[in-house]
A.B. asks: 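Quick one: structure below, then a few questions.
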2 protein chains.
Amino acid sequence: MIALDAFDKSILRALSHDGRMTHTALSETVNLSPNAVAERIKRLQRDGVIEGFGVRLSAKALGKTLLVFIEVKLDRTSADVFDAFSAAAAKTSEIEECHMVAGGFDYLIKTRHADMAAFRRFLSDTLLSLPGIRETHTYAVMEEVKASATTV
Amino acid sequence: MIALDAFDKSILRALSHDGRMTHTALSETVNLSPNAVAERIKRLQRDGVIEGFGVRLSAKALGKTLLVFIEVKLDRTSADVFDAFSAAAAKTSEIEECHMVAGGFDYLIKTRHADMAAFRRFLSDTLLSLPGIRETHTYAVMEEVKASATTV
DNA sequence: GATGAAATACTCCGTTT
DNA sequence: AAACGGAGTATTTCATC
């Protein structure tokens with residue numbers, strides 16, 4: 001865990017909102033010289049606080065209107081079933097997130113699809129054809145109340 | 001749903017990887033003039049495909065080592081219990097995502113915490129003190145197999 | 001962390017296909 | 001409609017304090 005002062009936090013908050021803000025614009029909001037801002041950003045990247053910069057894409061605008069969470073339980077027959085499933089999940093484009101969880105099931109995956117028909121195809125053709133799956137429970141999202149954002 | 005040609009897709013893929021790439025650098029990877037790249041980005045923003053630019057922060061580096069999903073079921077006694085819960089979730093900093101789902105429960109929330117002790121405090125002091133909660137199920141993430149990323 | 005100068009990148013314009 | 005090219009402005013980077 002890295003220590004962040006008020007300047008760092010201001011910079012990160014501003015960049016969360018607009019990752020393409022110039023050093024000059026940032027320097028005005030945090031009251032520092034553009035140079036100091038640039039050096040802090042470089043340091044935050046070196047220290048691993050900033051993993052990178054990205055673009056927020058609209059899933060809806062890209063035609064993915066359906067968000068679905070799926071709980072997956074695996075057959076615990078062989079030791080590398082988990083590795084195989086993890087590897088397959090990482091390669092599957094419809095899977096946006098995949099987490100191995102402790103609790104009543106093994107994996108929780110977050111998937112996006114064009115519509116319910118596309119989801120059903122994904123479920124039968126892609127997910128259920130993976131080896132080692134014992135059962136799945138599907139939860140379709142009706143409303144995204146709060147979207148992802150790591151805060152400072 | 002907006003139509004994207006190969007240039008748009010290249011630009012979005014490059015920006016997903018590095019949202020701070022300059023128009024000049026982008027122009028070299030997509031084989032277009034910097035000017036054309038700038039105009040396409042502006043258009044993609046106008047059309048809502050690009051919602052904005054951001055920074056990828058390391059939750060671990062920020063001291064949030066524990067990722068927890070929580071299923072929440074509400075008391076359906078009053079009509080605005082859902083609105084109240086949604087509003088509260090949106091304001092709670094530990095809640096990274098909150099989705100209203102169809103299925104066995106009502107909400108699926110994604111939360112991050114410093115450690116298990118911090119999570120227990122969150123659960124008892126923050127979440128369970130919200131009105132209208134009937135029951136919750138907690139799933140601690142042991143391994144993040146695949147992290148979030150909307151692809152093009 | 002700040003300042004100033006040089007290199008690079010961006011924006012706006014008109015022009016071309 | 002979309003892309004290119006050039007001039008003016010802004011930004012980034014590097015040296016120095």
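Reckoned from all heavy atoms, side chains included, excluding hydrogens, waters and symmetry mates. Below, chains carry the letters A, B, ... as their sequence lines are ordered, and counting in each starts from 1.
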A.B. asks: If you measure from the Lys or Arg side-chain nitrogens to the Asp or Glu carboxylate oxygens, is any gap between B:D47 and B:R40 under 4.0 Å?
C.D. replies: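 Looking at B:D47 and B:R40, the cut-off is not met.
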A.B. asks: Under the rule for side-chain hydrogen bond (donor to acceptor under 3.5 Å, both in side chains), what residues qualify as partners of B:S86, not counting sequence neighbours?
C.D. replies: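 Expected list: B:Y107.
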A.B. asks: Quick test of your reading of the model: are B:E97 and A:K146 salt-bridged, counting only N-O distances below 4.0 Å?
C.D. replies: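 No, B:E97 and A:K146 are not salt-bridged.
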A.B. asks: For B:V81 versus B:P131, what's the shortest heavy-atom pair and its separation?
C.D. replies: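 Looks like CG1-O, 4.4 Å.
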A.B. asks: Are A:L4 and B:L62 close enough that some pair of their side-chain heavy atoms sits under 4.5 Å apart?
C.D. replies: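 Side-chain contact under 4.5 Å: yes.
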A.B. asks: Salt bridge check: are B:E144 and B:R112 linked by an N-O gap of less than 4.0 Å?
C.D. replies: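 Here B:E144 pairs with B:R112 in a salt bridge, since their nearest N and O are under 4.0 Å apart.
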A.B. asks: Show me the donor-acceptor pairs, under 3.5 Å and distance only, between side chains in residues 132-142 of chain A and residues at least two apart or in other chains.
C.D. replies:
none

A.B. asks: For nucleotides 1-4 of chain D, print each protein N/O atom paired with a nucleotide N/O atom at under 3.5 Å, atom names and distance only.
C.D. replies:
unit_1 : atom_1 : unit_2 : atom_2 : d
D:dA3  : OP1    : B:R40  : NE     : 3.0
D:dA3  : OP1    : B:R40  : NH2    : 2.3
D:dC4  : OP2    : B:S33  : N      : 2.7
D:dC4  : OP2    : B:S33  : OG     : 2.8

A.B. asks: Let me confirm one number: the CG-OG1 distance from B:L66 to B:T111, rounded to the nearest 0.5 Å.
C.D. replies: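 That separation rounds to 7.0 Å.
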A.B. asks: Apply side chain to side chain contact (heavy atoms under 4.5 Å, CB included) to A:T151 and list each qualifying residue two or more places apart in sequence or on a separate chain.
C.D. replies: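 Here no residue qualifies.
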A.B. asks: At 10 degrees resolution, what angle do the end axes of the helix from C:dG1-D:dC17 to C:dT17-D:dA1 form when each is taken over five base pairs?
C.D. replies: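 It works out to 40° between the end axes.
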A.B. asks: Does this structure show an ion pair linking A:D125 with A:R120, if we count only N-O contacts that are shorter than 4.0 Å?
C.D. replies: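 The answer is no: the pair does not qualify as a salt bridge.
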A.B. asks: So if I take residues 20-28 of chain A and measure heavy-atom distances to DNA chain D, which residues fall below 4.0 Å?
C.D. replies: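 Residues of residues 20-28 of chain A under 4.0 Å from DNA chain D: A:T22, A:H23, A:T24.
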